Number of protein chains: 2
Amino acid sequence: MRLVIARCSVDYVGRLKAHLPLAIRLLLIKADGSVLVHSDGGSYKPLNWMSPPATVRRTTPAETDLEEGVQEQWIVQSAKADDRLIINIYEQLHDSSHDLGVDPGLIKDGVEADLQRLLAEQIHTLGDGFTLIRREYFTAIGPVDILARDATGGTVAVELKRRGDIDGVEQLTRYLELLNRDPLLAPVRGVFAAQQIKPQARVLAVDRGIECLTLDYDAMRGVDDTSTRLF
Amino acid sequence: MRLVIARCSVDYVGRLKAHLPLAIRLLLIKADGSVLVHSDGGSYKPLNWMSPPATVRRTTPAETDLEEGVQEQWIVQSAKADDRLIINIYEQLHDSSHDLGVDPGLIKDGVEADLQRLLAEQIHTLGDGFTLIRREYFTAIGPVDILARDATGGTVAVELKRRGDIDGVEQLTRYLELLNRDPLLAPVRGVFAAQQIKPQARVLAVDRGIECLTLDYDAMRGVDDTSTRLF
DNA sequence: ACCTACATATCGAAT
DNA sequence: ATTCGATGTGTAGGT
């Protein structure tokens, strides 16, 4: 990994065009040829970048660029696509290289799978008398997150999201259409469950006769004591 | 901006939990307190991070951590949420600070807004005799990208995407359903326009009587001479 | 401040 | 290889 602090301008040409005027930035060149251009603010997304695999080629700037004060020009070319990053370096303020080795990678916990496990264990959250048929109930168009039976014996399909968006309602609608063609299951009603449900999604769900359920992950996790001693 | 190369382990606790085992990584601390943890591979997304605004607090490691070889411990606390990043530093291999100043920001060209402007200006791309009713035609469920009138006086709703996916067809379908309830507009037919249309999306669109149109952005920009002198 | 839609999204699993 | 779904999505633009 090479770290360069430089006064530079950057142009990206590929799926779109993007231009960064002259300013001081961090240029991060990774071992796989990928390049990140970061400013001293914003979030983790670089101002400009090139995804790996890529190659960095150092060229002599054109006459007009030299006159303007460009010391070096880097051309970062994607190996896969016709995407290119052109970095004009006016002044290098720092330059260091470091050997990092291979990273063992990230271990995660608390994603949708955990939410699903918790809801399956606490199926009464859906309503009194509910019983679990199964998680990841497989259909031709994909797995239904949770299939359950309500107090009256009716089948309920649950689509589970962290963020309840309109896409999730569409997904559940497709499942319900399919499940309701099965005479052994029909009629199947739908429950759209999420930590947060967007107003638009709620409107669409209600319009289609789908019940909305907002989940409190922290409360559900509080009930399940195994999750408190993960690391 | 501070750049540190260190042998470290990292734990994130917040919306989820994530753990990075001991390895050499880049720690990038920005002026707004945000921190990025990068390895020498992957794309622009850090292995772990803290979004701004945040504060970095250096603490003395606990007894057990000291025995294990932890020299320093950084606690990065989000100012907004109860999100925390804990970085255990076993060895610092590099440490430098740099003053970058404020970045002038990125200038983009070729995003959906540009496509929409060009298609509105060159509405004949849809067919001979087409006239523009308006861009961003507002409805209760969101804005229709372009509403036009064809040679026979019929109304046409255009959904525009850079990449034509199945979601875009669903979106247009919802708009068409709504628009066709309006007797002043009905019947409204749909056109799904994108630089690239996925085969699945095309099949679904055709199945629903929606016309597909592949756009050549470069050609459309070529017609519009103002766009040739953007940079 | 909240909500909505777009993104050079990235990333991983399943097909 | 490609598609699909999740993301600690981020980001910009509107109301």
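Keep in mind that this is a model prediction, so the values were computed, not measured.
Rounded to a whole Å, the CG atom of B:L115 is 13 Å from the C1' atom of C:dA7. Distance CD (B:E170) to P (D:dG5): 11 Å, rounded to an integer number of Å. In this structure, A:L36 atom CG and C:dT10 atom P are separated by 11 Å, rounded to whole Å. A:K80 places its NZ atom 18 Å from the P atom of C:dT8, with the value rounded to the nearest Å. Atom CZ in B:R135 sits about 14 Å away from atom C1' in D:dG13, given to the nearest Å. For the pair A:H38 NE2 and D:dG10 C1', the interatomic distance rounds to 12 Å; values are reported in whole Å. What separates CD1 of B:I107 from P of D:dT11 is a distance of 18 Å, to the nearest Å. Atoms NZ (B:K108) and C1' (D:dT11) sit 8 Å apart, rounded to a whole Å.
The stretch residues 44-57 of chain B participates, sequence neighbours left out, in no salt bridge (charged side-chain N to carboxylate O under 4.0 Å, His left out) pair at all.
Rounded to a whole angstrom, the distance from the P atom of C:dC11 to that of D:dT11 is 15 Å. When the P atom is compared between C:dT8 and D:dA6, the two are found 22 Å apart, to the nearest whole Å. Taking the C1' atoms as reference points, C:dA14 lies 24 Å from D:dG8, given to the whole Å.
Between A:L213 and the options A:L160, A:V158, A:L126, a side-chain contact (heavy atoms from CB on, under 4.5 Å) holds for only A:L126.
Listed by chain and residue number, A:P53 satisfy the side chain to side chain contact (heavy atoms under 4.5 Å, CB included) test with A:A79 (two or more places apart in sequence, or in another chain). Under the salt bridge (charged side-chain N to carboxylate O under 4.0 Å, His left out) criterion, B:R202 pairs with no residue at all, not counting sequence neighbours. Not counting sequence neighbours, the partners of B:A81 by the side chain to side chain contact (heavy atoms under 4.5 Å, CB included) test are B:S78, B:D83. By the salt bridge (charged side-chain N to carboxylate O under 4.0 Å, His left out) test, A:R208 is found to be paired with A:E170, residues two or more places apart in sequence or in another chain being considered. Partners of B:R58 under the salt bridge (charged side-chain N to carboxylate O under 4.0 Å, His left out) rule, at least two apart in sequence or in another chain, are B:E72. With sequence neighbours left out, the side chain to side chain contact (heavy atoms under 4.5 Å, CB included) criterion links B:N180 to B:L176, B:A186, B:P187, B:V188. Applying the salt bridge (charged side-chain N to carboxylate O under 4.0 Å, His left out) rule to B:D114 yields no partners; only residues at least two apart in sequence or on another chain are considered.
Mapping A:R174 and B:L47 onto DNA chain D via the closest heavy atom, the residue that lands nearer the 5' end is A:R174. Both A:R163 and B:R163 lie close to DNA chain C; mapped to their nearest nucleotides by heavy-atom distance, the more 5′-ward contact belongs to A:R163.
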Please list, for nucleotides 11-15 of chain C, all pairs of protein and nucleotide N/O atoms separated by less than 3.5 Å.
from, atom 1, to, atom 2, distance (Å)
C:dC11, OP1, B:S43, N, 3.2

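Within 4.0 Å (heavy atoms only), A:D167 reaches no atom of the nucleic acid at all. The residue A:M50 sits apart from the nucleic acid: no heavy atom pair falls under 4.0 Å.
Checking C:dT8, D:dG10, C:dA7 against every side-chain atom of B:W49, the shortest atom distance belongs to D:dG10. Residue A:K161 places its side chain closer to D:dA6 than to any other of D:dA6, C:dA7, C:dT8.
In this structure, CG in A:L27 is found 5.0 Å from CH2 in A:W74, a value given to the nearest 0.5 Å.
Within a heavy-atom distance below 4.0 Å of DNA chain D, no residue of residues 197-216 of chain A is found.
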Residues 134-144 of chain A, side-chain donor-acceptor partners within the protein, below 3.5 Å, at least two apart:
from, atom 1, to, atom 2, distance (Å)
A:R135, NE, A:Q116, OE1, 3.1
A:E136, OE2, A:Q116, NE2, 3.2
A:T139, OG1, A:I141, N, 3.3
A:T139, OG1, A:G142, N, 3.3
A:T139, OG1, A:G142, O, 2.5

* To do: Walk me through it: do A:R84 and A:Q77 pass the test side-chain hydrogen bond (donor to acceptor under 3.5 Å, both in side chains)?
  => CA-CA 5 Å; A:R84 193 181 297 181; A:Q77 175 68 54; 3.0 Å; yes
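When atom types are taken as modelled, the side chain of A:D40 and the backbone of B:A31 share a donor-acceptor pair closer than 3.5 angstrom.
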* **Watson-Crick and G-U pairing of DNA chain D, under 3.5 Å, as dot-bracket with | and [ ]** => |||||||.|||||||
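Look at B:S51 and you won't find any side-chain N or O under 4.0 angstrom from OP1 or OP2 of D:dG8.
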